[in-house]
Each structure stands twice: as structure tokens, then as C-alpha cells.
There are 2 protein chains.
Amino acid sequence: MTDPANAPEGTAADLIAAALHLFGRKGFAATSTREIATRAATNVASIAYHFGGKEGLRRACGTEVARRIGGVIAAAALPEAPSPEAAERQMEAILRAMVGFVAGAREADDLIAFMLREVAENGPVLDAVYGTMIEPMHRRFCALWATATGWEAESEDTRLMVFSLVGQVLYFRIGAPIVTRRMGWPALGPAEAARIADRLAANLHALIERERMS
Amino acid sequence: MTDPANAPEGTAADLIAAALHLFGRKGFAATSTREIATRAATNVASIAYHFGGKEGLRRACGTEVARRIGGVIAAAALPEAPSPEAAERQMEAILRAMVGFVAGAREADDLIAFMLREVAENGPVLDAVYGTMIEPMHRRFCALWATATGWEAESEDTRLMVFSLVGQVLYFRIGAPIVTRRMGWPALGPAEAARIADRLAANLHALIERERMS
DNA sequence: TGCTTTCAATCAATCGTTTGATTAACATTG
DNA sequence: CAATGTTAATCAAACGATTGATTGAAAGCA
């Protein structure tokens, strides 16, 4: 799944890149196969040839996203946190990396937009991505929170707390049209992502500190 | 806008209700006018007659959402918070009301789903709803936070902090397919909404307490 | 040659919209 | 009061356009 060897190339890769962009921007149903083919500089029939149809191309986009983001996660795989302080630092680092990737990186824009739409539709792509990406990531963060605060790693409280932490990151991306208006920002770039990351990091430390005192 | 007098009725109202449901569940582009008409128990031509076309019906759905939710906000209009403690209590009340409405109420399900899709598409409906709903709501919460902590109400820090607070609420609704899986919940009902609200309220108090101490 | 890939052309199906007829309720007449 | 005109609303039917998918030929390469 994370094997870079089975990365699509040629026309198939062009089609996935084009579909990822258009699906993310306009949605699956609103994107026509002809539009995808034009953007990929190929013929409409190539979609059926390589992926069996439009729905197959959608699934291929899903596995491609899992492959690419899976690579990012693997690259961020750090050793076990030995102390509460180390766990806290590692959580802040992950949070900052997430904000930078989700809200600040232009190259990941198509990926994120596509995934957000798939989550909203709760389609077959989500099934595939949840097990390989979201669940392990969440579980890992739960373990860090447990190390930092002494909570039980897989308790309901811990899992909810972690969602409230990482959920904030995704909200700033999902609600970007709203956030940028209210903040008076021209767009969501690296500079704005840094402001957001600072705020979320401060919140994280405040929550941990509160737990340490009780 | 919030006037209950101009509430649509008859066929027009049926069409809006049907469209709200289908647009929210399947998306605007994936929903056909015939499907809407069938669900509203009327003819396809009624859409063009009452709203000028499919796009007009979409806008009508937007204003209808603003009208209904605007009513909820007006009902929750409380007097100015006189003390930091009162402001804190009022913020918790609003947060709990939001979670209950967004994640727990079944009657609001169509409304929320529709709005989330409109935000994602950043379409004309969002323009209309932002000014009448989101901005005033956010501004109000900023004032409460300022009263509770002594921050400046319209500073960038305050606005970001408020987004990180209310954003959590929306995330739990947007990411419901993910959250329910990881939590092992069958769905997002009132019971689950209560657990989420408890967590967010605890976070709120922790963040305020931290500010009071510094 | 044999195999994979791409292409223009075409398919039936479905899309949003338009049309003209029909109905019912009300106002305007003689 | 009865007849007529007016209007808003709904309907079945059909419109042209576009959809995803398919076809068989052409092209590229080993």
C-alpha cells in the first residue's frame, strides 16, 4: 500500500492527477469524464480502459491518496516517547506538521480537498482510507496523550479528547472559506497556517497542564 | 430574513424540503430535478415555475436554512454577560446547544448536511448565510470570550481562539463517519452528543482557567 | 507479427428546461 | 344570478444538450 513501486505512471497517473484535482474542486458527480480526459491530455476512453469506468477512477484516486499520505505518516514515524514531556513535544510537532500539510501546503491541496469530499459522502473510498490512515494515526496520538497525562490510552475519554485536538486542524481546512473571511485573510497559506498552529499548540499545552494539576 | 411570515408554504415549501434533504445527502450535482419533484409529490416543471430553475431552488434552500437557524439563534439571545463567570457559563451553554443541535437533533439533519456541503463548495449560498448567521454568531462569542478572560474582543488572537472552540463542534459533525467508527458508536444521537458536549465544555473551562492564571 | 494503448465516432440514457394544455379560484361583466 | 375574463398553478410531453460507456479502427512498440 505504501510501496512506492506500484505508483501509477503515464496516462493512468495523469488521469488520477486530473481526477483528484477536479473531484476535489467540483465534486465527483459534477465532474464529467470528458473534462478529466481533457485535463489529462488524453481520450475519454482511456478512463474505461485503465480503471473500468468513472467509479473505478474514483477508487484509484482513493488508494493514491492513501499511498501518498501514508508516505508522509511513515516519514513522521518517531521513536516511542519515553517521558510525558517528550510525548507533549511530539504531539505539538505532529499538530504543527498536520496544520502545515493540511492548511499550508499547496501541493497537497488536491489530495485534501478530495479526501474531505469523500469523508462527507461516506463512500467506499473512506472505508479504504480509514483503516490504513486514520485509525493508526488516531491510535498513535492516543498513546502519546496517555503518556503525557497518565490517562488510559484507549479509554473513551482519551479517544474523544484526541478527536477534539486533531479535529480542530481539519476544521480550519474545511471551514477555510469562513475562516479566511472572518480573519480578513486573503487565503490559507503558510503564514496563516503558522498562526493557526501557534494557537492549537497553546491550547494543547493548556489542556495538558490542566490534567497534570488535577 | 428571520421573519416567520415569509415562510414558504404549499408546493414551494415541499420542494424546498425535498431539495434540502436530497442536496444534503447526495450533493447538488448528483440530485436530479425529477427526483426532487417526485419526493415533493409534484411535477418537474414546478421547480422552474417557483424558483426559475434548479439553481434558484438551491438559493431558496440557502435562505430557508438561514431563516430557520436564524430563529434558533434569536431564541438563544441572552442578555449581556455582566461578569467573567457569567460569560463563561453562557459560552458553555451555547457550546452545548450547538452540539445538541448540530450533532444530536434529527430534525436539523437535512439543514446541517446541506449547509456543510455549501460551505465546502464555497458557493453563492455561503455568501448569503455568512453575513446573516456566521459572522454575528462568531462576533458574539468573541465578546463573551473577551468578558471571560480580559482579551480584546476583536483581536486576531481572540477570533482564532473562538474558531478553535466552535470549530470543534462542527468537526464532530463533519467527521461523524470517522468519529463513530473509532468510538464504536452506532450513530451520532443525543446520547453521543452529550458525551461530546461534556468533553468540549471541559476543554473550554481548562482554556479559560489557564488564561485567568497568566 | 502480436500485444498494449490511444483515438474518433457513436450509443442509449439521463439531464435541466421549455412548451402548451388544463384546472380551479376569483374578479369582472351584462 | 349567470356568463365571462383573468390569473396562478399544475400537469404530461417533448426539447436539445450532455452524460458515462462502448465500439472498431489506428498507432506505437517489442
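Below, chains carry the letters A, B, ... as their sequence lines are ordered, and counting in each starts from 1. Both backbone and side-chain heavy atoms feed into the values below; hydrogens, waters and symmetry mates do not.
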Where do N or O atoms of nucleotides 5-11 of chain C meet protein N or O atoms at under 3.5 Å, pair by pair?
unit_1, atom_1, unit_2, atom_2, d
C:dT5, OP2, A:Tyr49, OH, 2.6
C:dT5, O5', A:Tyr49, OH, 3.4
C:dT6, OP1, A:Thr11, OG1, 2.2
C:dT6, OP2, A:His50, NE2, 2.7
C:dC7, OP2, A:Thr42, OG1, 3.0
C:dC7, OP2, A:Asn43, N, 2.9
C:dA8, OP2, A:Asn43, ND2, 3.3
C:dA8, N7, A:Asn43, ND2, 3.2

> C:dC15 P sits how many Å from A:Lys54 NZ, rounded?
Replying inline: 12 Å
>> Rounding to an integer number of Å, can you tell me how far B:Arg58 CZ sits from C:dG16 P?
In response: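 The distance from CZ of B:Arg58 to P of C:dG16 comes to 12 Å, rounded to the nearest Å.
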Could you list the residues that satisfy side-chain contact (heavy atoms from CB on, under 4.5 Å) with [X], not counting sequence neighbours?
{"X": "B:Glu121", "answer": "A:Arg117, B:Arg58"}
{"X": "A:Asp127", "answer": "B:Arg181"}
{"X": "B:Ala193", "answer": "B:Val99, B:Ala103"}
{"X": "A:Thr38", "answer": "none"}

>> Once salt bridge (Lys or Arg N to Asp or Glu O under 4.0 Å) is applied, what residue pairs with a partner in residues 161-176 of chain A remain, sequence neighbours excluded?
In response: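 Counting only pairs at least two positions apart or across chains, the salt bridge (Lys or Arg N to Asp or Glu O under 4.0 Å) contacts touching residues 161-176 of chain A are A:Asp109-A:Arg173.
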> Earliest and latest nucleotide of DNA chain D, 5' to 3', sitting under 4.0 Å from a non-hydrogen atom of chain A?
Replying inline: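 The footprint of chain A covers D:dT19 to D:dT23.
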Please list every donor-acceptor pair under 3.5 Å in which a side-chain atom of residues 44-52 of chain B meets a protein atom from a residue at least two apart or in another chain.
unit_1, atom_1, unit_2, atom_2, d
B:Ser46, OG, B:Thr42, OG1, 2.9
B:Ser46, OG, B:Asn43, O, 3.1

> Does any pair with a residue in residues 185-202 of chain B pass side-chain hydrogen bond (donor to acceptor under 3.5 Å, both in side chains), and if so which ones, sequence neighbours excluded?
Replying inline: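 For residues 185-202 of chain B: A:Glu156-B:Trp185, A:Glu156-B:Arg195, B:Arg96-B:Asp198, B:Arg199-B:Asn203.
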>> Under the ring-ring contact (aromatic ring centres under 6.0 Å, His included) definition, can you give me all pairs with a residue in residues 118-139 of chain A, not counting sequence neighbours?
In response: A:His138-A:Phe163
> What pairs meet the ring-ring contact (aromatic ring centres under 6.0 Å, His included) rule with one or both residues in residues 11-36 of chain B, with sequence neighbours excluded?
Replying inline: B:Phe23-B:Phe28
> Quick one, which residues of residues 21-32 of chain A touch DNA chain C with a heavy atom under 4.0 Å?
Replying inline: none
>> A quick test of your reading: do over 12 heavy atoms of other residues, nucleotides or ligands sit less than 6.0 Å from CZ of A:Arg25?
In response: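 Count not over threshold, so no.
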